[in-house]
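Here is the structure we will look at, set down as structure tokens.
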Amino acid sequence: MKKRILHTIGLFIVLTLVSCSTKKNTAVTRFYHSFTTRYNVYFNGIENYKEQLKEMEEGYEDNFTDLLLMHPAQAYANPKDPQPSGSFDRTIEKCQKAIQLHSIKKRPKRNSKKMSDPKYREYMKRDEYNPFIHNAWRLMGKAQYYKGDFLGAAATFLYISRHFTWMPDLVAESRIWQARCYIAMGWLYEAEDILLKINNEKLPESQNNWFATVNADYLVHKGEYEKAIPFLETAIKSASSKQQRIRMTFLLAQLYAATQNPTKAYQTYGKVIGMNPPYRTEFNARIKQTEVYSGKDISKEVKKLTRMASRDRNKEYLDQIYYAIGNLYLSRKDTLKAMENYRLANQKSTRNGIEKAICQITLGNLYFERRKYVDAQPCYAEAIPQLKEDYPQYDLLSRRSSVLDELVVYAQNVELQDSLQNLAAMSEDDRNKAIQKIIDDLIKKEKEEAEAQQREEYLAQQQGPQFNNDNSAKQNTTILSGDKSWYFYNKPMVSAGKTEFQRIWGSRKLEDDWRRRNKSGFSMSDFAEQSGNSENEDLADNSLPDEENPDSIQSDAADDPHKPEFYLKQIPMTPEAMETSNEVVAEGLFNMGIILKNKLEDYPAAIANFNLLEERFPENPYRLDVYYNMYLMYMRNGDVVTAGIYRDKIRSVFPESPYAQAMADPHYLDNLRRMSTVQDSIYEATYAAYLENDNRTVHGNTTFMKEKYPLSPLMPKFLFLDALAYIGDKQYDHFKAGLKDLLERYPQADVSPMATTMLKGVAQGRQVAEGSGNMRGMIWKARLTNDTTTLANDTAQATFTQDLNAPHVLLLVYATDSVSSNQLLFDVAKHNFTSFVIKDFDLEIMTFNEISMLVVKGFNNFDELSHYRRVLDNSETFRYPPGVRPVMISEDNFKKLLEGYSFEDYFLFLENNPQPTEPYEKR
């Protein structure tokens with residue numbers, strides 16, 4: 001009897017399992033798949049999801065120097081931000097498994113008696129009949145979002161909103177999640193569209209708090225902080241965890257501060273402190289309170305911060321504490337005390353991070369406002385490498401830093417030469433005493449630094465190996481920037497390298513042969529082919545070994561800063577050396593004046609430098625340029641009388657100069673004023689004519705500019721185009737003569753390095769490319785490689801192939817720095833997402849010296865690529881940015897380009913092998 005019962009139960013189970021296939025849709029199959037989804041696959045996925053989300057929210061190191069993120073997952077949108085922890089792959093895997101095994105798409109058997117019921121008819125139209133499977137879809141979308149796959153998450157939530165229409169709460173929640181994904185990707189217009197529609201429709205009450213959370217996030221990203229505040233206050237109440245509630249409250253305080261409500265900001269930071277947050281959060285909340293303190297007496301706040309500085313646990317944060325004290329003094333207009341504390345913050349800083357950078361920027365701005373440019377330069381130079389490119393006014397600060405770098409080169413040269421000349425004027429005893437004091441100070445400083453380093457190493461060893469700071473200086477810039485791109489494309493690392501170079505070599509002007517004293521002047525001998533004579537080289541080689549050579553011993557002493565010889569060799573003791581020193585001073589004063597006038601527009605300081613130059617060196621070689629710049633500055637200041645004095649000096653002392661000839665025109669001032677508005681349009685027309693192979697217009701416009709506006713700052717560009725146009729005319733002697741004239745007249749122009757390279761190539765026997773027009777082959781053949789060792793042979797014939805069935809790629813090619821690579825990548829990704837729901841394409845930015853491109857991959861043959869091109873070209877939302885040239889090419893031929901061939905080689909191949917269907921490139 002028992003066996004019969006067991007057999008019956010077993011048979012029932014087998015029949016149940018067989019009947020529970022997803023190809024059947026009955027009450028039993030729906031119950032079975034719903035039950036199995038909930039308590040088997042989904043359960044494992046949701047548990048992993050909760051665990052990983054908790055790890056992410058509690059373990060994330062927020063960046064308190066900027067607005068906090070609404071959630072750590074948003075850091076995935078910017079690789080330079082600290083990246084969160086937590087892996088959601090298992091959750092996604094479980095959700096995909098649940099959908100694959102338990103989704104019921106087949107409609108149930110139709111009951112004709114119920115077809116008159118509207119609800120039943122709607123039920124029969126559903127796309128899904130597993131009553132629990134929507135939870136797997138929703139969980140998968142959330143996991144994709146928290147993994148950083150915002151595009152995949154948006155697609156998942158879009159699917160939910162379209163295929164679960166009978167669940168209005170789920171649809172509303174999914175659409176809000178979709179907006180959140182768009183916000184994370186920066187697609188604010190698309191997010192706004194969704195949120196507005198949701199707001200205008202009847203939002204389910206269950207989604208009010210979630211809508212407030214995402215709407216607050218959208219408004220923060222848009223910069224509308226005041227509108228975001230009430231939504232964020234609502235969102236905080238329904239935060240998913242304590243850590244999220246703390247994070248969002250801190251953000252709320254930041255928004256109050258940003259909207260000029262210091263009282264509410266101070267109170268809200270106090271709420272953060274009262275929520276028992278992690279110590280780092282509490283510390284930063286206390287620091288932020290000082291920034292928004294609005295009381296009349298700051299002494300209590302200063303004492304509070306001073307007590308914090310005395311605690312051992314805050315030794316790592318001393319820079320932030322003194323920075324906060326400086327902010328308090330600055331808020332009360334006590335600039336001297338503020339600057340004193342900012343300097344102290346820099347001295348106490350043990351971390352080259354964003355906190356120190358902000359302090360240096362603040363101090364640098366104060367120096368800059370007071371025209372103490374030499375003091376401001378190191379502040380900017382050290383801070384810029386630590387800043388992200390989205391930091392407020394980053395471009396302005398970066399430009400200012402570059403200008404000050406250039407200015408300080410000449411200021412330090414003048415200061416150094418003046419000091420050396422003072423030493424030269426001393427008696428021998430006084431000079432030796434002064435030098436010995438310098439050496440003693442150097443030894444004392446090195447000893448103090450060595451002792452400090454020993455203390456740091458001892459403390460690091462006591463704290464454990466994880467605190468060992470060996471090689472930290474070398475690794476610091478990479479860790480801080482978070483940018484793993486190649487060094488020369490990594491702006492923070494390049495800036496950091498520049499700072500390190502200045503530390504070793506001092507400030508140097510960016511130019512060739514920077515270690516040579518005499519670099520002025522231009523000679524075609526630089527472009528002559530080298531024919532070395534090995535027999536005449538190294539004739540002065542000394543036969544004595546170094547250890548036995550007295551000259552070698554003396555040379556070693558002259559290179560040791562601990563020896564008097566090191567300083568004596570730099571002092572100008574001879575008339576020739578003094579003359580050279582004066583030349584350096586004169587050059588420095590002149591260039592300082594030019595930079596102060598043109599790049600900083602500090603006319604009083606520029607005039608003072610020019611006057612000092614005239615006073616110290618009346619016969620200096622820069623007089624003509626000094627007179628002209630003084631004339632311009634006094635005219636700008638409205639002092640016509642003084643400007644006239646300098647105009648008369650130019651016409652009397654330098655009557656044959658271009659300045660004097662231009663000033664001879666009675667309408668000179670009108671021409672000068674008109675030049676700034678006319679020159680751009682003339683140059684644009686000239687450049688357009690060049691691209692259209694209208695070389696006669698190019699030559700005519702250049703001649704017109706020489707006669708009418710000889711002082712135009714665009715004259716080097718006109719001369720360059722004029723020279724290039726002679727290639728199309730096949731007048732190569734005129735081409736070379738034009739480049740020589742350009743380099744002799746404007747050796748420091750932005751186009752001069754390119755002209756120099758061209759002339760060197762001619763001198764070395766390279767042939768000028770005779771392409772089909774100016775657009776095709778500006779000069780020679782640009783190689784698509786960064787590795788000069790892998791260049792294809794100049795005489796080798798490119799072996800391109802023509803295979804329409806091979807995999808292809810689309811190249812969107814443009815001149816480096818002429819197009820925003822990130823914006824182009826964003827626009828194409830957006831186009832792909834909206835135009836191709838199923839098909840996915842890989843996008844990659846590649847840069848090769850002056851050429852950059854966006855590579856679109858994923859085409860199995862030429863026909864697929866042609867279809868993609870038609871959709872892209874006819875898109876209503878996507879437009880090719882000016883300067884972007886699309887090129888269709890097979891993967892094999894693209895590899896040929898990467899091996900060192902040029903686009904010119906490829907275009908010539910296409911001309912000789914035309915496509916039977918569609919052109920490979922857009923003409």
Side-chain angles (χ1 to χ4, degrees), residues 56-57 60 62-84 141-142 144-154 157-158 173-199 207 209-236 238-240 244-245 247-261 265 268 354 387-395 482 820 822-823 825-827 829-830 833-834:
M56 174 183 284
E57 293 178 348
Y60 185 70
D62 291 287
N63 176 15
F64 294 102
T65 59
D66 203 352
L67 285 180
L68 262 59
L69 302 173
M70 285 281 285
H71 195 278
Q74 293 175 331
Y76 285 120
N78 187 353
K80 294 184 180 180
D81 280 333
Q83 296 297 289
K142 291 181 180 180
Q144 288 171 323
Y145 177 88
Y146 291 125
K147 180 185 176 182
D149 183 9
F150 304 124
L151 198 60
F157 288 117
L158 177 62
E173 180 184 1
S174 299
R175 293 178 69 191
I176 298 173
W177 266 104
Q178 188 181 352
R180 193 184 200 194
C181 296
Y182 289 154
I183 293 169
M185 291 188 290
W187 298 9
L188 299 184
Y189 177 81
E190 289 76 4
E192 179 185 29
D193 184 57
I194 291 177
L195 294 174
L196 282 176
K197 289 178 179 178
I198 292 175
N199 203 14
Q207 300 303 316
N209 291 339
W210 180 230
F211 175 81
T213 302
V214 177
N215 203 30
D217 195 14
Y218 161 74
L219 292 169
V220 169
H221 275 77
K222 198 175 180 183
E224 298 181 1
Y225 301 146
E226 196 161 351
K227 293 181 180 179
I229 287 174
F231 290 103
L232 185 56
E233 289 173 335
T234 302
I236 290 173
S238 59
S240 59
Q244 269 300 99
R245 190 157 51 252
R247 180 174 287 112
M248 293 163 72
T249 305
F250 198 107
L251 175 60
L252 178 63
Q254 290 178 307
L255 296 187
Y256 279 129
T259 54
Q260 309 303 317
N261 193 341
T268 309
I354 184 66
L387 300 178
K388 295 186 295 184
E389 293 184 25
D390 58 356
Y391 184 82
Q393 295 186 315
Y394 176 87
D395 291 337
S820 172
N822 292 333
Q823 185 63 45
L825 179 66
F826 172 85
D827 292 340
K830 179 180 174 182
F833 176 72
T834 55

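What you are looking at is a predicted structure, and each value in this text was computed from that prediction instead of being measured.
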Going by the rule side-chain contact (heavy atoms from CB on, under 4.5 Å), which residues pair with [X] if we only count those two or more places apart in sequence or in a different chain?
X	answer
Ser240	Glu57, Gln244
Gln83	Ala75, Tyr76, Asp81
Gln823	Ser820, Phe826, Asp827

Identify each donor-acceptor pair in which a side-chain atom of residues 181-190 lies under 3.5 Å from a protein atom, sequence neighbours left out, and give them as a table.
from   : atom 1 : to     : atom 2 : distance (Å)
Tyr182 : OH     : Gln178 : NE2    : 2.9
Glu190 : OE2    : Lys830 : NZ     : 2.5

Answer whether the closest heavy-atom distance between the side chains of [X] and [Y] falls below 4.5 Å.
X	Y	value
Lys197	Ile194	no
Thr268	Thr249	yes
Asp66	Tyr391	no
Arg247	Tyr60	yes
Leu67	Leu255	yes

Exercise: identify the closest heavy-atom pair between [X] and [Y]:
X	Y	answer
Ala257	Ala265	N-CB, 3.7 Å
Met248	Ala235	CE-CB, 3.5 Å
Ala179	Ala191	O-CB, 3.6 Å
Pro84	Pro72	CG-O, 3.6 Å

Is the CD atom of Glu224 crowded by more than 12 outside heavy atoms at less than 6.0 Å?
yes
Counting distance only, does the side-chain N/O of Asp62 pair as donor-acceptor with the main-chain N or O of Phe64 below 3.5 Å?
no
Given the rule in the side chain to side chain contact (heavy atoms under 4.5 Å, CB included) test, do Arg180 and Trp210 qualify, once you have shown the distances and angles that lead to the verdict?
CA-CA 10 Å; Arg180 193 184 200 194; Trp210 180 230; 3.3 Å; yes
Indicate every side-chain donor-acceptor pair of residues 225-234 with a distance under 3.5 Å to a residue at least two apart or in another chain.
from   : atom 1 : to     : atom 2 : distance (Å)
Glu233 : OE2    : Tyr256 : OH     : 2.5
Thr234 : OG1    : Pro230 : O      : 3.2

Only pairs under 3.5 Å count here: list side-chain donor-acceptor contacts from residues 212-221, not counting sequence neighbours, and write none if there are none.
from   : atom 1 : to     : atom 2 : distance (Å)
Thr213 : OG1    : Asn209 : O      : 3.0
Asp217 : OD1    : Gln74  : NE2    : 3.3
Asp217 : OD1    : His221 : ND1    : 3.1
Asp217 : OD2    : Gln74  : NE2    : 2.4
Tyr218 : OH     : Glu192 : OE2    : 3.4
Tyr218 : OH     : Lys222 : NZ     : 3.2
His221 : ND1    : Asp217 : O      : 3.0

